[in-house]
2 protein chains.
Amino acid sequence: MNRKRATLKEVATRAGVSIATVSNVFSGRKPVNADLKAKVEKAARELSYQVDRAASQLRSGRAQVVGVLVPDLDDTFFTSLISRLEVMARRDGFDVIVASSRDERELEESRLQTLLGWRPSGIIAVPCSDKVPAILKREAGRLPMVLVDRVIADSPVADTVTIDNFEAGAIAVRHLLDMGHAEIALAASHLGIAPIRDRIRGATAAARERGARDPVAVEVGANAERGGEVFSDWLGCNPLPSAVLALTNVTTLAVLAALARRRIDVPEKVSLIAFDDYPWMSARKTPLTAIRQPVDEIAGAAWERLKLRMAGDASPSHPTILHASLQDRASVRRAGPRITAASSKEAAADPALDTT
Amino acid sequence: MNRKRATLKEVATRAGVSIATVSNVFSGRKPVNADLKAKVEKAARELSYQVDRAASQLRSGRAQVVGVLVPDLDDTFFTSLISRLEVMARRDGFDVIVASSRDERELEESRLQTLLGWRPSGIIAVPCSDKVPAILKREAGRLPMVLVDRVIADSPVADTVTIDNFEAGAIAVRHLLDMGHAEIALAASHLGIAPIRDRIRGATAAARERGARDPVAVEVGANAERGGEVFSDWLGCNPLPSAVLALTNVTTLAVLAALARRRIDVPEKVSLIAFDDYPWMSARKTPLTAIRQPVDEIAGAAWERLKLRMAGDASPSHPTILHASLQDRASVRRAGPRITAASSKEAAADPALDTT
DNA sequence: GTTTAACTGTAAAACGTTTAACAGCTGCCG
DNA sequence: CGGCAGCTGTTAAACGTTTTACAGTTAAAC
């Protein structure tokens, strides 16, 4: 067995043709006679030849790689994104290089920098803050890129794919209000992150719209375990809200952990709306009512956008905004009359008159 | 802003040196005078130069990439593996190309094939069955590779990193027996997968060792949702076991879903041991007792092995076997007297005499 | 029967690096 | 003061592809 790897040249001599012909057989750029083609393929098989992507890329300038940068490879939301992107990229002949910024801006820059060394055809990035990384700003316009999730939707530098986070927060709070919950706590990861802020704004707006008290946001961080402690501490120092809305899947975990530790039952003592929708949320005695982000659609939209750009589309940058939806399950209990603007103003109006 | 990317040559002319010098500044292969170096670095910065990995790799033959192949990017076990590998690879200057075989042997071969096109420095693979993929067999010896998890530990073709799955199954069942559970069901994903078979063998052996009935294995597949239905159906046709041992994190989900649907309480009606250990398993009113795989160690061992091989180590292939451990929490209830060989034989011997 | 066009195949020049070989310059030893 | 070693920098030749320009062959068109 050969130590070294077969090259075009070796295949060519073995098949008795020029290297250009072999190249044509593999790239399909020019047609080649059927039996020559057969001979080449046979030779290639015998040598178990595989085209060298580095050489190919160097010469052609085309890369067939996309870089995918996410803040955290332990967060299911991001890995499910990657999972779907990998399938689509693969389908279209691209390989995926993953990089994690681990939520550090510095690491993010450095990972992006090395990603660029690949001269990738495109980049899909979930920035770790809502500031677009400097490197991407610099590359905007010459490198196809799509920004996902942690981003202001009308960022002028690149295409974006996000959900309507304001609406997501509002939907959740309206549901809680409908079920009669007036004291709402929000479990946020970090207030510095745009989608989180938007979800909070949406939640707050929905509450005000009905004249309910502003929800109170608790910042618990992006780690489930530590977040659990933080939220548990918060529960210790504050009156128990009637409902909690978790703003990410990790904060959902944090809330659940804190509630379990303090033996506060869901939904008997407190109602809960989870964020994102993963199997573990339904596989419980009390399946969690959740705000589902359409991960498939997000990934799909990001990939389609990137493909367009990679195909040369140079139109102005385009924001895609998708919609989260409420999965109504069992973790929100009916706590009293529906809270409507009327009922909260007039205190005892019949809430049944107001339909959604 | 320049359309094209800066090259070594441009940096060289701008800094007034030869391209070789610039190369030396970046690779550090040969020392270069301090102020020249400064000039080069300045020029590079101004052009925002970044070395082209394709060119570099083509010329040097060194790749600085490792391929990572897993069966499923939606399975937390694999993504947490990837997460850790990415950190270590990055630390050592390697980039990671991920590929998912989606549990299909054909896709696996094709993904590996394209991975090879990168001429990677090494490959870490979790095969989708316990048969080593043909391509890897062919490459064994010339391409550094480490096989993880789904693999027979003494596979002679490559280094392996696994846990002692037999032991893992045994530990779990012994715990169940200690707690007085005699009818044990095993929720397996696929019987065709080596680690699963080993876990079952271990579980069975532990039961026999104490003269208890053989656990019965239920094959529920690798998808949580469908698995839940399968297991629920099984529950419908069979007497309720006293305890269930799930053999993967996904089957844990399946079991939980089925139990929830049938309103069977854990641990009141049935005890449960989960496999793997993820935040959602503890964030419940009844935190799950679990068999924890040491993911950090697995990833660490795989990477260290690969580094060794990439550094040229050509010693015979080496199996690393790590150990799972029982995380005792609340999902296993005491069901009766401890089941020991004596008690099961003599039916009424005092189990309290037998200590662990 | 010559000209054109269409088709297939080939030779050779890139692509942006790394690196072996070499050249110039010090300073030091004999 | 010649020669030699030790630095530091440069020249130029790879690396394995893709691709342009061109050559040869055959078929169609006039």
Side-chain angles (χ1 to χ4, degrees), chain A residues 2-41 43-44 47-65 93 95 114 116-121, chain B residues 2-41 43-44 47-65 93 95 114 116-121:
Chain A
N2 227 327
R3 191 104 212 95
K4 296 226 34 80
R5 209 134 235 139
T7 74
L8 256 198
K9 189 153 31 169
E10 300 177 56
V11 177
T13 35
R14 185 176 251 260
V17 297
S18 76
I19 62 167
T21 302
V22 182
S23 174
N24 283 331
V25 169
F26 281 94
S27 64
R29 243 181 64 86
K30 281 175 106 185
V32 353
N33 180 294
D35 25 329
L36 261 201
K37 194 164 172 171
K39 263 205 283 192
V40 168
E41 275 162 353
L47 296 170
S48 62
Y49 169 75
Q50 161 82 15
V51 359
D52 183 322
R53 300 191 78 138
S56 161
Q57 166 167 342
L58 171 58
R59 179 52 236 250
S60 72
R62 283 184 295 276
Q64 304 304 83
V65 203
D95 271 316
T114 77
L116 286 190
W118 289 103
R119 307 282 185 268
S121 306
Chain B
N2 225 326
R3 191 105 210 94
K4 296 227 34 80
R5 209 133 235 138
T7 74
L8 256 198
K9 191 153 28 167
E10 300 177 55
V11 177
T13 35
R14 184 175 252 260
V17 297
S18 75
I19 62 167
T21 303
V22 182
S23 173
N24 283 330
V25 168
F26 281 94
S27 65
R29 243 180 63 87
K30 281 175 108 185
V32 352
N33 180 296
D35 24 328
L36 262 201
K37 195 164 172 171
K39 263 204 281 190
V40 169
E41 276 160 352
L47 297 170
S48 63
Y49 170 75
Q50 162 81 18
V51 358
D52 182 323
R53 300 192 77 137
S56 161
Q57 165 168 341
L58 172 59
R59 176 55 235 250
S60 72
R62 283 184 297 276
Q64 304 304 84
V65 202
D95 271 316
T114 77
L116 286 190
W118 291 104
R119 309 282 185 266
S121 305

Approximate separation, where rounding is to 0.5 Å, of [X] [atom1] and [Y] [atom2]:
X: A:Asp95; Y: A:Trp118; atom1: CG; atom2: CH2; answer: 10.0 Å
X: B:Glu41; Y: B:Leu36; atom1: CD; atom2: CG; answer: 11.0 Å
X: A:Ser18; Y: A:Asn24; atom1: OG; atom2: CG; answer: 8.0 Å

Exercise for the section: Using the test salt bridge (Lys or Arg N to Asp or Glu O under 4.0 Å), find all partners of A:Asp52 that sit at least two apart in sequence or belong to another chain. Expected result: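 For A:Asp52, the residues satisfying salt bridge (Lys or Arg N to Asp or Glu O under 4.0 Å) (neighbours in sequence not counted) are B:Arg119.
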
Determine the contact category for [X]: base if any of its heavy atoms lies under 4.0 Å from a base atom, sugar-phosphate if only primed atoms, P, OP1 or OP2 are that close, otherwise nothing.
X: A:Arg53; value: nothing
X: A:Tyr49; value: sugar-phosphate
X: B:Ser23; value: base

Just to verify, what does [X] make a side chain to side chain donor-acceptor pair (under 3.5 Å) with, not counting sequence neighbours?
X: B:Gln50; value: A:Gln113
X: A:Ser23; value: none
X: A:Thr7; value: none

Practice task
Would you indicate whether the side-chain heavy atoms of B:Gln57 and B:Gln64 approach each other to under 4.5 Å?
Solution key: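 They are not in contact (no side-chain heavy atoms under 4.5 Å apart), so the answer is no.
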
Practice task
Report yes if some heavy atom in the side chain of B:Tyr49 is under 4.5 Å from a heavy atom in the side chain of B:Val51; otherwise report no.
Solution key: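 Side chain of B:Tyr49 against side chain of B:Val51, heavy atoms only: contact under 4.5 Å found.
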
Exercise for the section: Would you grab the first and last nucleotide of DNA chain D (5' to 3') that comes under 4.0 Å of any non-hydrogen atom in chain B? Expected result: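 Terminal contacting nucleotides, 5' to 3': D:dT8 to D:dG16.
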
Exercise for the section: Determine which pairs satisfy salt bridge (Lys or Arg N to Asp or Glu O under 4.0 Å) with at least one residue from residues 11-39 of chain B, sequence neighbours left out, and list them in order. Expected result: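 Every salt bridge (Lys or Arg N to Asp or Glu O under 4.0 Å) pair that includes a residue of residues 11-39 of chain B, provided the two are not neighbours, is B:Arg14-B:Glu46.
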
Completion exercise
The contact string for nucleotides 7-12 of chain C, one letter per nucleotide 5' to 3', using protein heavy atoms under 4.0 Å with B, S and - for base, sugar-phosphate only and none, comes out as -SBBB-

Handout entry: End-to-end axis angle, where each axis spans five pairs of the helix from C:dG1-D:dC30 to C:dG30-D:dC1, to 10°
Key =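 Inter-axis angle at the ends, rounded: 60°.
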
Listing time: all N or O pairs from protein to nucleotides 23-26 of chain C that are below 3.5 Å?
none

Practice task
Can you check whether any acceptor in the base of C:dT17 is under 3.5 Å from a donor in the side chain of B:Arg59, or vice versa?
Solution key: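 Side chain to base: no pair present.
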
Can you name the residues that form a side chain to side chain contact (heavy atoms under 4.5 Å, CB included) with [X], not counting sequence neighbours?
X: A:Ile19; answer: A:Leu8, A:Lys9, A:Ala12
X: B:Thr13; answer: none
X: A:Ala15; answer: A:Val17, A:Val40, A:Ala43

